[in-house]
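Keep in mind that what you see is a predicted model, and the values were worked out from it rather than measured.
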Amino acid sequence: DNASGECASDIRRERDIQTVKLLIEEGFTSHAQLRDEFPVGLSLPLLEVLYRCRMEQVNDGLAEEVDPIIWSLIGRDDLYHNIQASRRELENESLTMDRNAVHHYPMPERDNENKD
């Protein structure tokens, strides 16, 4: 019984992710846009999908590499900003490590002056 509940939850989550992606493809960038441009009977279910995505943090299906508009649409601009800050920090650490690395180059061979 619990397994069927988890399966239904996974199916709903996948549908929610697909709905968010379709909204983005159709040019929607904010929940206010949905609220203002659609009749209540259509906007409420869509806003509920965005709410579920926001509350459940459906980031496994939306991954880090997504367009920031998706995070904005579900109301999680903070996640995008955190991801960007983490990336910048990693890049800076990498650059610092590269600058501080000691490069060892082989010494050129000298002609042996003591040759007979």
Quiz item: In Å, rounded to the nearest 0.5 Å, how long is the span from CG of Leu46 to CG of Asp16?
Solution: 10.5 Å
Quiz item: Does Arg54 use its side chain to pair, donor to acceptor, with the backbone of Ile74 at less than 3.5 Å?
Solution: yes
Quiz item: Hey, does the side chain of Thr19 reach the backbone of Arg15 with a donor-acceptor pair shorter than 3.5 angstrom?
Solution: yes
Quiz item: How long is the gap from CD1 on Ile17 to CD on Glu14, to the nearest 0.5 Å?
Solution: 5.0 Å
Self-check item: Fellow cluster residues of Leu44, listed by chain then number, with links counted only when side-chain atoms sit under 4.5 Å apart
Solution: Val40
Quiz prompt | Sub-4.5 Å side-chain heavy-atom contact between Arg12 and Arg52 | solution = yes
Practice problem: Give, for atom OG of Ser30 and atom CG of Leu23, the distance between the pair rounded to the nearest 0.5 Å. | Solution: 11.0 Å
Exercise. Determine which pairs satisfy ring pair (Phe, Tyr, Trp, His ring centres under 6.0 Å) with at least one residue from residues 7-34, sequence neighbours left out, and list them in order.
Key: Phe28-Phe38
Quiz item: Measuring from Gln18:CD to Glu25:CD, what's the distance to the nearest 0.5 Å?
Solution: 8.5 Å
Quiz item: Do Leu34 and Leu50 have side chains that get closer than 4.5 Å, going by heavy atoms?
Solution: yes
Exercise. Working to the nearest 0.5 Å, report the span between CE of Met55 and CD of Glu48.
Key: 10.5 Å
Quiz item: Can you list every pair that meets side chain to side chain donor-acceptor pair (under 3.5 Å) and has a residue in residues 32-47, with sequence neighbours left out?
Solution: Thr29-Gln33
Quiz item: For Arg13 and Asp10, what are the C-alpha separation, side-chain angles and deciding distance, and is it a salt bridge (Lys or Arg N to Asp or Glu O under 4.0 Å)?
Solution: CA-CA 5 Å; Arg13 181 176 292 130; Asp10 290 342; 3.6 Å; yes
Self-check item: Least distance between heavy atoms, Pro45 atom then Gly41 atom
Solution: CD-O, 3.3 Å
